[in-house]
**Q** 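Take this structure, written in structure tokens, and hold onto it; I'll ask about it next.
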Amino acid sequence: MSEILSIEPEIQLPEKITKKLLAAKQPTWCPGCGDHSILAAYFKLLEKLQLPREKIVTLSGIGCSSRFPYFVNTHGVHFLHGRILPFATGLSLSRPDLHLFVFSGDGDCFSIGGNHLDHTARKNPNMTYLIMDNTVYGMTKKQTSPTSPKGFVSKTDPLGSIDEPINPMKRLISTGATFVARTSSTNIAHVMQMLERAQAHKGFSVIECLSECTQFNKGSFEGLNPRKGGEYRIIEEKRFDGTPEDENRHDVTDEVAAYRLADEPWPGRFGVFIQKDRPTRSEASAGISERVRSRNPGKTDRDFLVEAFESFA
Amino acid sequence: MSEILSIEPEIQLPEKITKKLLAAKQPTWCPGCGDHSILAAYFKLLEKLQLPREKIVTLSGIGCSSRFPYFVNTHGVHFLHGRILPFATGLSLSRPDLHLFVFSGDGDCFSIGGNHLDHTARKNPNMTYLIMDNTVYGMTKKQTSPTSPKGFVSKTDPLGSIDEPINPMKRLISTGATFVARTSSTNIAHVMQMLERAQAHKGFSVIECLSECTQFNKGSFEGLNPRKGGEYRIIEEKRFDGTPEDENRHDVTDEVAAYRLADEPWPGRFGVFIQKDRPTRSEASAGISERVRSRNPGKTDRDFLVEAFESFA
Amino acid sequence: MIKKELLIFELFIIKRTDLFREAPSGSRRIIQIPKFKPQANLNVSKKQEITIRLAGYSQDGIQSMGSLLAKLAGRSGYRVMTYMTIPATVAGGNSIYQLRIGNRSILTPGDEADVLVALYQDSLEAHISLLKAGGVLLCDSKHCQPEGKVPDGTHVYALPITDLLESALGGHAMKGKNMFLLGMLSRLLGLDDAKVEDLALERFRKKDESVIQNVRTALMAGLEYEWSGRRPDIHLDEAKHSCEAVTMDGNSAVAYGLISAGVRYGASYPITPATSIMEVLIEELPKYNGVFLQTEDELAAAAAAIGMSYGGNLAVTSTSGPGMSLKMECLGWATMAEMPLIVVDVQRGGPSTGIPTQVEQSDLLQSVYGSHGDAPRVVLAARDVEECFSICKDAAAIAKQYSTPVVILSDQGLSTRIEAFDKPDWNTCIVEPKLDQEARPADFVPYPADALTHHAPPGCRIESGRYPVMTGLEHDTTSGPNPGPANHMTMTAKRRKKFQMLEEATPMPEMLGDDQGDLLLISWGSSFGATREAVMRMEAEGRKASHMHLRTLYPLKREIRNVLERFKRVYTVELNDAGIYGAGQLATLIRSVTGCDRVRSIAKTDGQTFKVREILKAVANA
Amino acid sequence: MIKKELLIFELFIIKRTDLFREAPSGSRRIIQIPKFKPQANLNVSKKQEITIRLAGYSQDGIQSMGSLLAKLAGRSGYRVMTYMTIPATVAGGNSIYQLRIGNRSILTPGDEADVLVALYQDSLEAHISLLKAGGVLLCDSKHCQPEGKVPDGTHVYALPITDLLESALGGHAMKGKNMFLLGMLSRLLGLDDAKVEDLALERFRKKDESVIQNVRTALMAGLEYEWSGRRPDIHLDEAKHSCEAVTMDGNSAVAYGLISAGVRYGASYPITPATSIMEVLIEELPKYNGVFLQTEDELAAAAAAIGMSYGGNLAVTSTSGPGMSLKMECLGWATMAEMPLIVVDVQRGGPSTGIPTQVEQSDLLQSVYGSHGDAPRVVLAARDVEECFSICKDAAAIAKQYSTPVVILSDQGLSTRIEAFDKPDWNTCIVEPKLDQEARPADFVPYPADALTHHAPPGCRIESGRYPVMTGLEHDTTSGPNPGPANHMTMTAKRRKKFQMLEEATPMPEMLGDDQGDLLLISWGSSFGATREAVMRMEAEGRKASHMHLRTLYPLKREIRNVLERFKRVYTVELNDAGIYGAGQLATLIRSVTGCDRVRSIAKTDGQTFKVREILKAVANA
Ligand SMILES: Cc1ncc(C[n+]2csc(CCOP(=O)(O)OP(=O)(O)O)c2C)c(N)n1
Ligand SMILES: Cc1ncc(C[n+]2csc(CCOP(=O)(O)OP(=O)(O)O)c2C)c(N)n1
Ligand code: SF4
Ligand code: SF4
Ligand SMILES: [Mg+2]
Ligand SMILES: [Mg+2]
């Protein structure tokens, strides 16, 4: 290389995001675990999006699936079991400039973390949340999860599970989340597509992604594998083209229709169930700040504080 | 009174349950608070049912509404904010002989206690749960609750609330609960009717009951008061009589239809949204015990324990 | 000093038979009466301080009147401290408000009152025992029969307050008593008429004109009340402080303290008596482009606040006991990941739901030890309202410098107490928040083993290309999970060492009195005032005693042991249970740190702040 | 003792150049070979105890083999204690299993091994340092190159294990090594051939015939392995215990201990390393007509268990650190409402998510102080697997008698450790659960101020007609909420007094050695074994030391102070951080109770149980 070329450029060009750059530790997931494919799709997404790398945050709860951030070379958080959504909400509202990608398991999300789903959806913070649903507790080695099908034999249901499983789509639709989709790690292209739409969506976007636990729930998703005689039915969305076919297509703004789709028997359909527009909480908060500050033009933080004290004087 | 009559009867007749017997402390709710009417309906229900008094348990979380058990002279529990459902589940499964009536507020139920809704519904324990929804935090003096309508001005939303409220009916239907109804304290007869059906239902029955907080949310439910120009629309349930009118009536086993009803604009409708049959968790647990014990006829607890130790010998 | 005051009062004691004659008979429009000049026809000593207790029902507006009077005192250059009770039910009930006003610094709201204002017979009977011998009882003659209920020597003024108001305002004047009394007391105390009028009008500024008119009328009726005989002798001596004081409650002081410390983000869930901190911050932070979230529960609040801190903006979560219990898991994560965070716990009566509207100092040990594993965190406590403000700056500085959660303990007493104190020096107390977005050089290590952790929040480029993952798992210097034996030892030591540094940096606690002797009283948090006053009282009476106040509870400065050793008797003064070992929570902590076995506790759990005399009595009996 | 043993080994030390010649060359069907009689041609001393360490990957079935060998030892009348590591990831990784087998009581799984079985080169290199000088190394010659990696004097046996198995089983014999080694070790140790065969067949009973055939073949190949030269000298001395022992892990012992204590209900949420307690109870309780619930989280688990206890059936909730933090609010309610409850905390490496698969004793202070307010509860800790069983009965009795939550502390080490111990005496250890449904007379008081609380569960008629409402609010004797000052004092005292009674009823802790002297070591929980062994070792070497073990951690018996005072040096031995004050968690507690300042700690946080030599070294250096 000539001397001239080795001089540091004055202006740093944005780093090109590649899978190679992003791949951190070798994933410690079992061979064949569906989670590997989701990671692959995430890398592809980031390669495609080319967001400023330092503004990407990969977050998770606790579980096999939640080991995710360790395998990605971006800012990351491995938080507590079930609590990553409020953490991410706090982060998103205080740093609307960041891009948040949250990953967690079915136990993390629907069991211990279930309540935060509704309240995160109510606030509609800008983030993408992907639930890696293997319908079992992987990390703790085969206990029944809220999404385990009835009759599932696990260490906590040795005679088969008896509690009614949660229907993830019904659960998510009822939260009022503004983007709800369903996909499966067996179909990386579809995962990638859903992730891309979720990321483009303004607000809280949730994806349930089936992801086989080969260790403790092998063969659980064969019903959606065309190679195993299953069927992977993709939701056809309305095009509003006035054609008669369009009548039967799904309107992603129609919550009741989405609920009806979710009511179909397993394995159901994949794709976008809900997508609707609502201001994010960051927008709403910024709006309030603007309202308050525009009433007080030119005031500094100090002015506000002094003024507040005056009211106590 | 003659001497003979004053002799204690040998066999104690079951105590007749009267409102007088049941009324414990004078309720400390504000005058006009909707909660008074719910208490009145509960007394009426118990008078009508004539259950063995000592087998009735009145339980609650924390909030104004949750002061309920203090005003009823039955066994009672005033537990923690948001946690009464798992408490009651534990009680119900270990004591299926008892009659459980659980009361709590919208904050107790949908905010801090939200996750327990789904998981209680999954287990379907036998109990009646009435949510006293005043769409505000009464006890802590006017903060926004998850059911507060958008724009509600409270101490925590001085410029009007911005988070999307929870739709209680959607929320409850999506849990898979086997009985879901809606009523309002302005209509005591209807409250009583819903309570009676809920109590008769085998499994987890939930009622959302609107109950005005006159102190911090006065006039909030005028929209359903016919005297104030509102409308109290009651759900007509299918009679399966083959008539054309019946087409338009609501099938309480149809979850999607119930969801559609819940999607109607406020004040929506009142009555039973969902009623379906599923074994209770007590039944399922008893079934497992029977299966296990019938394989081991005549074995005592001690035999089982000794046998278990043999497997470690 | 106290004794002298008592003597002064005794001069004015009148015989029991003289009672009740001071009430004017009949009623008329008092508003036209020419101003009464109290200074003119009185030959009384001016008081250095006066304690007034107002007793009525919550609907009488006792609290708003009390807070106005406190503010008036502050504006007039006096010091003031208040005490109130919150009825346990929303629907009302007995309500009291006590103010101690003086021209020197006020340490407690006063054990006993110089003046009792009773609106009803039950208020009179419930509170008369708290009136000092020879004190002034002002009561509403319509509702009160003081005869036979007050001790000899009391100066009783049974005034037809209700009747006067009805004639002044017309009809059934349910409201307005508070304004009438405000005016009357203001004049009696010798405060400025104009100021009280201004204050009342400010408060009701946003109301209808008719309300304002009534307020003014009632106030004037009070101000210009014409005493037919001897008027109550409660005139204050000249004010000695600048009028640049603020009169603020403890929760507001915390909220503004946080803002001035640069905190712009936070999350909480409502809970008595902490709620108003979040309410103030929700209202104020938008001005500062900040956000405060009401979350679905306390777990979410802690998680959200940690998320905000992770984003590079130091955040706060505020709560009371039950909420603290729910935050324990999240706080452990903040310790493990070394995340700066401020947690405010406004303690209330415990355990469990306990007594939400009463005071207790019983969350100390939980604050220190409440999370599983070795999860140390900093614990500070505010001693009065002014410190509720100033401690926030220290908490924020420690949280950032040491990358640690910091718990600030306040309590129900402080939260509702109003104090007047000088406005802070804006030039030194305002910290401008700065978001660190600087790139980290290639040799950046998220968790250096031998240096304090300073996080690179998202948005920071990491030149090495190895981005940190913050985690609750044990991790090594790179932030990567590492369960190795040597690593866990190293990182535990790293987390420990910063507490050692902080302990060293903590100054020796404040002492009053000799640093050796017979008796040492140790206070923490709000037990400061009563303890200090008790020691001052003992000193004034020639008894030797010293006072140590602990502001940093964890890490506790171990050198205090040397001081403790030099005293024959050492007592902590704290509002919690001394338990089976005779040691309240601070004493438990001190013993475990110093191994000093002579530490015992003056402790109680009656839900009330310490009275000075309770401490004196405990010391005498011990 | 140890020294003597070392000498014995030294007799057999062979020169480095003699190494490796003992591996037979080639391979054949070993199954037909006539039985080798180990006793016949050997002239070796029989060992009182032998420690074997197995090192391989998790897929080698090291753990199942180790547990079978442990069971075999128990069945053969030996005592045994095991130690294992769980790989941190599900997908496998290095796995070790250590067993110490002997004919007298075994206190620890052994600091060092007499025998190291290494299946791979990395297992060999990672563990060779834990082999005693002159110890036996058995390794797979296919994967291991011991040359240059083992210290002089080691007896190395590099056997073609893989090859032998391949020839015995045909094809690539991935599985079966464990059975081969089981057979070989069983024979070498002098255990009964028939028993090992029975055991293996029991374990694989439910498998396919082909699997069973392979198991048998591999086992035989091991049993009948023909040693070409000197065989390893690890024959055990005769067994001294009855063969009526059980060989059980700590979590199973807790589960069965609870059942035998009459517990029929409970609720938990899965968490390592506590999960198997709930798994056993879920499987077992239906037999007893009980119910165990898997809940959605730990808050619900605690609430559900309290609900069950309220129903009159004492219930349990089991968890580990993070779950404990989440239960703190519910536990406070149980203290306030005085509800009997058992909480099992299987401690793991902390803080936060920490190190889930390693051991630590760092939840003690949280167990004692973790809830807000003054919320005392009983804390017990099990010292070994047998006590994991027996402590449940005490916990249940205390919970019921004193109407209080009782925390049982176990730890990750105990949870996975296997021990052989005598079967319990069924006539004394079984408690039949009884649901109290008796009517309460008209003078029934739910919370008598001067007597222990005994609840009337629902179903009980209350003759007075005034039914109790259990509450977390402060309440009076009737159970009605009562925030009054006097009442809060009285009820706090009531809740305190029962701890005083319990403290009095608690016997003085067990001591080994003189009750005065130079050195006292205090252990709690699983630090018992290593501490006891260290003290015995010191004694054997003529050094004076005593050992006190604490089983009831709260309330801590204050009279131990008198014992402490009689020692020059006092150390607690515990697996947690001694922190900035040099006091681990027990030492912190002891100091605060006794005010004895000489208590220091031998503490560490490397995630491993104490080795005896670590304690000896710490004592020597201190
Ligand atoms: C508070 C708390 N409770 C329990 C656990 C133990 N735990 C770790 S992961 C997990 C569940 C994992 O299941 P899931 O979320 O479905 O993730 P998966 O491993 O299947 O990907 C549990 C219960 C924990 N870490 N923290
Ligand atoms: C853990 C916990 N957090 C917060 C509180 C404070 N708190 C008491 S009641 C209540 C909300 C009451 O609202 P709701 O449930 O709607 O009942 P309402 O008073 O309106 O009937 C809150 C937040 C508490 N007691 N415990
Ligand atoms: S245990 Fe299951 S979920 Fe976990 S890594 Fe293995 S295959 Fe994946
Ligand atoms: S504050 Fe509201 S909810 Fe509470 S008692 Fe009063 S009216 Fe009812
Ligand atoms: Mg899962
Ligand atoms: Mg409410």
Side-chain angles (χ1 to χ4, degrees), chain A residues 12 15 21 24-25 52-59 62 67 69-70 72-80 82-95 97-98 115-116 118-119 122-123 281-282 285-286 288-293 296 299 301-302 304-306 308-310 312-313, chain C residues 71 74-75 243-248 252 256 259-260 264-265 267 284 286-291 293 295-297 299-313 315 329-330 333 423-424 426 430 432 439 456-462 465-473 480-481:
Chain A
Q12 241 185 331
E15 207 169 11
L21 201 75
K25 297 211 177 88
R53 182 179 177 198
E54 67 277 9
K55 298 258 184 180
I56 305 168
V57 192
T58 311
L59 307 99
I62 299 276
R67 291 244 153 191
Y70 295 122
V72 184
N73 231 327
T74 65
H75 282 288
V77 178
H78 186 218
F79 198 53
L80 294 167
R83 311 290 165 213
I84 191 56
L85 282 184
F87 181 107
T89 302
L91 180 60
S92 166
L93 298 193
S94 58
R95 292 293 307 274
D97 58 317
L98 302 175
N115 195 32
H116 306 308
D118 296 278
H119 296 275
R122 292 178 59 212
K123 296 196 172 61
R281 176 65 193 245
S282 290
S285 296
I288 291 177
S289 276
E290 263 159 47
R291 244 166 94 185
V292 174
R293 291 178 69 96
N296 295 276
K299 271 201 190 142
D301 284 11
R302 182 184 167 135
F304 279 116
L305 197 56
V306 170
F309 265 71
E310 288 311 322
F312 288 93
Chain C
K71 197 162 185 170
R75 274 196 192 174
C243 295
E244 280 299 272
V246 285
T247 312
M248 200 181 259
S252 298
Y256 290 105
I259 294 175
S260 80
R264 297 289 180 269
Y265 296 91
E284 289 291 324
K287 297 179 188 165
Y288 303 83
N289 281 319
V291 178
L293 279 185
T295 54
E296 56 273 32
D297 62 20
L299 297 101
I306 295 174
M308 292 161 167
S309 273
Y310 165 74
N313 298 293
E329 197 201 8
C330 282
W333 191 91
K423 278 184 199 154
W426 298 119
I430 294 185
E432 289 284 342
C460 291
R461 281 183 57 82
I462 312 287
R466 286 185 302 277
Y467 280 77
V469 176
M470 299 292 101
T471 174
L473 284 170

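Protein chains get the first letters and strands the later ones, always in sequence-line order, with residue 1 at the start of each. These numbers were taken from a predicted model, which means no experiment stands behind them. All values below were derived from every heavy atom in this structure, side-chain atoms included, with hydrogens, water molecules and symmetry-related copies excluded.
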**Q** Of the backbone (N, CA, C, O) and the side chain (C-beta and beyond), which part of A/Lys25 lies under 4.5 Å from a heavy atom of chain C, both, or neither?
**A** side chain

**Q** Heavy-atom distance under 4.5 Å to chain C: side chain of A/Leu305, backbone, both or neither?
**A**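 For A/Leu305, backbone and side chain are both near chain C.
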
**Q** So, the side chain of A/Ser94 versus the backbone of A/Leu91: is there a donor-acceptor pair under 3.5 Å, distance only?
**A** yes

**Q** Is C/Ile430 close to chain A through its backbone or its side chain, or both, or neither, when contacts mean heavy atoms under 4.5 Å?
**A** side chain

**Q** If you count heavy-atom pairs under 4.5 Å between each of C/Ser252, C/Ala304, C/Pro458, C/Pro481 and chain A, which one has the most?
**A** C/Pro458

**Q** Could you check whether A/Glu15 pairs with C/Arg461 (Lys NZ or Arg NE/NH1/NH2 to Asp/Glu carboxylate O, under 4.0 Å)?
**A**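 So A/Glu15 pairs with C/Arg461 through a salt bridge.
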
**Q** Counting heavy-atom pairs under 4.5 Å to chain C, which of A/Arg302, A/Arg83, A/Lys55 comes out on top?
**A**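 Heavy-atom pairs under 4.5 Å are most numerous for A/Arg302.
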
**Q** Please rank C/Ala302, C/Ala439, C/Pro457, C/Ala315 by heavy-atom pairs under 4.5 Å with chain A and give me the top one.
**A**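 Top count of heavy-atom pairs under 4.5 Å with chain A: C/Pro457.
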
**Q** Can you tell if the side chain of C/Met470 reaches within under 4.5 Å of the side chain of A/Phe79, non-hydrogen atoms only?
**A**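 Side-chain contact under 4.5 Å: no.
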
**Q** Is it the backbone or the side chain of C/Tyr265 that comes under 4.5 Å from a heavy atom of chain A, or both, or neither?
**A** side chain

**Q** Which bit of C/Ala300 is near chain A, if near means a heavy-atom gap under 4.5 Å: side chain, backbone, both or neither?
**A** both

**Q** How long is the span from the CZ atom in C/Arg75 to the CD atom in C/Glu244, to the nearest 0.5 Å?
**A** 11.0 Å

**Q** When heavy-atom pairs shorter than 4.5 Å are enumerated against chain C, which of A/Leu98, A/Asp118, A/Asn73 gives the highest number?
**A**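 Of the candidates given, the most pairs with chain C belong to A/Asn73.
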
**Q** For A/Val57, which atoms come within 4.5 Å of any heavy atom of chain C: side chain, backbone, both, or neither?
**A**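 For A/Val57, the side chain is the part near chain C, not the backbone.
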
**Q** Any idea which of C/Ile462, C/Ile259, C/Leu293 has the most non-hydrogen atom pairs under 4.5 angstrom with chain A?
**A** C/Leu293

**Q** So, C/Thr471 versus A/Tyr70: side-chain donor-acceptor pair below 3.5 Å or not?
**A** yes

**Q** Can you find a side-chain donor-acceptor pair between A/Glu54 and A/His75 that sits under 3.5 Å?
**A** no

**Q** Any side-chain heavy atom of C/Val246 within less than 4.5 Å of one from A/Glu310?
**A** no

**Q** Among C/Lys287, C/Glu432, C/Lys423, single out the residue with the greatest number of heavy-atom pairs under 4.5 Å to chain A.
**A** C/Lys287

**Q** Heavy-atom cut-off 4.5 Å, strictly under: side chain, backbone, both or neither for A/Arg281 against chain C?
**A** side chain

**Q** Is the shortest side-chain heavy-atom distance between A/Arg293 and A/Phe304 below 4.5 Å?
**A** yes

**Q** How far does OG of A/Ser92 sit from CG of A/Leu85, to the nearest 0.5 angstrom?
**A**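 It is 11.0 Å, given to the nearest 0.5 Å.
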
**Q** Which atoms of C/Asn289 come close to chain A, meaning under 4.5 Å heavy atom to heavy atom: side chain ones, backbone ones, both, or neither?
**A** both

**Q** Below 4.5 Å from any heavy atom of chain C, which atoms of A/Thr74 appear? Answer side chain, backbone, both or neither.
**A** backbone

**Q** Determine the option with the most heavy-atom pairs under 4.5 angstrom with chain C, choosing from A/Val77, A/Thr89, A/Leu93.
**A** A/Val77

**Q** Give the C-alpha distance, both sets of side-chain angles, the deciding distance and a yes or no for side chain to side chain contact (heavy atoms under 4.5 Å, CB included) between A/His78 and A/Ile62.
**A** CA-CA 7 Å; A/His78 186 218; A/Ile62 299 276; 3.7 Å; yes

